[in-house]
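Remarks on the structure that follows.
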2 protein chains.
Amino acid sequence: MDNPLIKRMEQFTAFSDADRHLLNELLAQNQKHHGAREDIIREGEHSDDIHIVLSGLACRYKILENGTRQIMAFLIPGDPCDAEIFILKEMDHSIGTVTPSLISSVPGHTMKDLLLNRPGIALAFWWSTLQDEGILRERIIDEGRRDARSRIAFLIYEMLLRMRAVGVIDDLRFEFPVTQVDLADATGLTPVHVNRMLQQLREEKLIAIEGRYWTVLDPAGLRKVARFEANYLHLDRAKDQPDSEARDRLKGLI
Amino acid sequence: MDNPLIKRMEQFTAFSDADRHLLNELLAQNQKHHGAREDIIREGEHSDDIHIVLSGLACRYKILENGTRQIMAFLIPGDPCDAEIFILKEMDHSIGTVTPSLISSVPGHTMKDLLLNRPGIALAFWWSTLQDEGILRERIIDEGRRDARSRIAFLIYEMLLRMRAVGVIDDLRFEFPVTQVDLADATGLTPVHVNRMLQQLREEKLIAIEGRYWTVLDPAGLRKVARFEANYLHLDRAKDQPDSEARDRLKGLI
DNA sequence: CGATTCATTGACCGGGATCAAGAACCGTGG
DNA sequence: CCACGGTTCTTGATCCCGGTCAATGAATCG
């Protein structure tokens, strides 16, 4: 059974059996369970290892001088937290779990070796980086030019798509145990306003929330409210390869 | 005389003479002048070449369905526009000039070759990518959690620092021929409000604007208003290497 | 079953948007 | 050298989305 990193990378590229085997071996070696609301690595720290989320939910965030927190990205299974951290002296932001998560560590020198000597794997990581940048840019658009309702709709739709893409879910229901304060920190809104927008989306029968589980009731409707265009995720293989698993996983959403 | 890409990369790393020579050769080969307000590459297009800004000013942007524009980043001399574009099928955003600019093209296969076979150069590009991501994340914080005045102050301070770092300027005055509409598109504000905030910053004697030239009158004051922390730029060499040129160029600013 | 965290609601406020009009600053051509 | 049409900048009046403050439920958990 392939690990989530491989599933994620297969959105973009096809691995050789050797590369796939290597990645499976590698991620099996150093795994660590983290509880909910634990930091994996903190702003200002250095790490010689890189971290990859295998299960659970984590986020990139930064605490500002005035005590407010900005969440810059959610990390789901298959996401590398900091693929190039080993070349940096220190992190410019923190990464912490939201729910209990299983995190795999890979030594930086191993990572460097892969990037320089395994073209297939290097290619996959470049692609992954490009998707991450796309997600960051889309968040900038979000905060700059979309109103609160679209912004939240966008975030939900993106989470649905990303979770489907790595096979964490296969329908319209997903585990997303964030508080409304978390969502506020991720969207640049206040918790009070997030609450009101969520109520609105529920009244419109676009989404339903039962505890930690969210259901997208009307994907097309939610997508329209979010003005969601999937091109920034670069899911080329999912779109073009008629026989790819990734394509099946995203049917009807992109 | 080293080209701006090398100067940019030397913020982070030291090149061997061979690498430096190679990069100088490479960027000298395909250069093209673009007029002001011209697209270098458009959303939806593919390019087999990558582009690097040698002089002038460009930006990454996206036009939304409703016609509004979001500028996600300004690109200054030394910035690669799209270092990994050759592996993507199509751009998820556009890149256009603000002022007349000189742009160098490097074939994708050459780029790939460098990334796989020239560890020193690959390292520099990884670093560059990490800085770009840091800049994007900082913009998210900006729009999410800083008010209009800080946001604009931050942008100005960042431009000052980045231009100094690559040696485009060596004092507190720099060419930054953007309209207030451009600034509004970059900060997620309206032109009217940008105007008011700029007036305020001028009244506070933090900045002065004469046509296309901006002067930071009070760097420490501006930095404070912006709540600027330079760590996200990862200018390690500039900070730590007492003898580096990059360090001299940033004296008093970080 | 108390205690703490989280969701919800209402009243009110304010930063920044919107709308509209005029002023200053162009580059261009006569 | 000046007239003029188009940007760009500036200013004022008004509005509203989302923030702030505060209190009450609901849920979760030792």
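Here the structure is a predicted model, which means the values were calculated and not measured.
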Just the rounded figure in Å: distance from [atom2] of [N] to [atom1] of [X].
X: A:L198; N: D:dG18; atom1: CG; atom2: C1'; result: 15 Å
X: B:N66; N: C:dT18; atom1: CG; atom2: P; result: 10 Å
X: A:D182; N: C:dT5; atom1: CG; atom2: P; result: 14 Å
X: B:F176; N: D:dT8; atom1: CZ; atom2: P; result: 15 Å
X: A:L183; N: C:dT8; atom1: CG; atom2: P; result: 12 Å

Self-check item: Donor-acceptor pair, side chain of A:S47 and main chain of A:D49, under 3.5 angstrom
Solution: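 Confirmed, A:S47 side chain pairs with A:D49 backbone.
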Practice problem: Could you tell me whether A:R202 contacts a base, only the sugar-phosphate backbone, or nothing, with contacts defined as non-hydrogen atoms closer than 4.0 Å? | Solution: sugar-phosphate
Practice problem: For the pair A:F154 and A:F228, name the ring-plane relationship: parallel under 30°, tilted 30 to 60°, perpendicular over 60°. | Solution: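 Answer is tilted, since the angle falls between 30° and 60°.
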Quiz item: For B:V194 and A:V181, take the nucleotide of DNA chain C holding the closest heavy atom to each; which residue's nucleotide lies nearer the 5' end?
Solution: A:V181
Quiz item: For B:L172 and B:R164, which heavy atoms make the closest approach, and how far apart are they?
Solution: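 Distance-wise, the nearest heavy atoms are CD2-NH1, 3.9 Å.
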Quiz prompt | Contact summary for A:P80 and A:R8, nearest pair of heavy atoms | solution = CD-NH1, 3.4 Å
Quiz item: So, is B:Q180 near the phosphate of D:dT7, with a side-chain N or O under 4.0 Å from OP1 or OP2?
Solution: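 False: B:Q180 side-chain N/O out of range (4.0 Å or more) of D:dT7 OP1/OP2.
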Quiz prompt | Contact pattern, 5' to 3', of nucleotides 9-16 of chain C - B, S or - by protein heavy atom under 4.0 Å | solution = BBB----B
Self-check item: Donor-acceptor pair between B:D132 and B:T129 side chains, under 3.5 angstrom
Solution: no
Quiz item: Are A:D182 and A:R69 within salt-bridge range, i.e. N to O under 4.0 Å?
Solution: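 Yes, charged N to carboxylate O under 4.0 Å.
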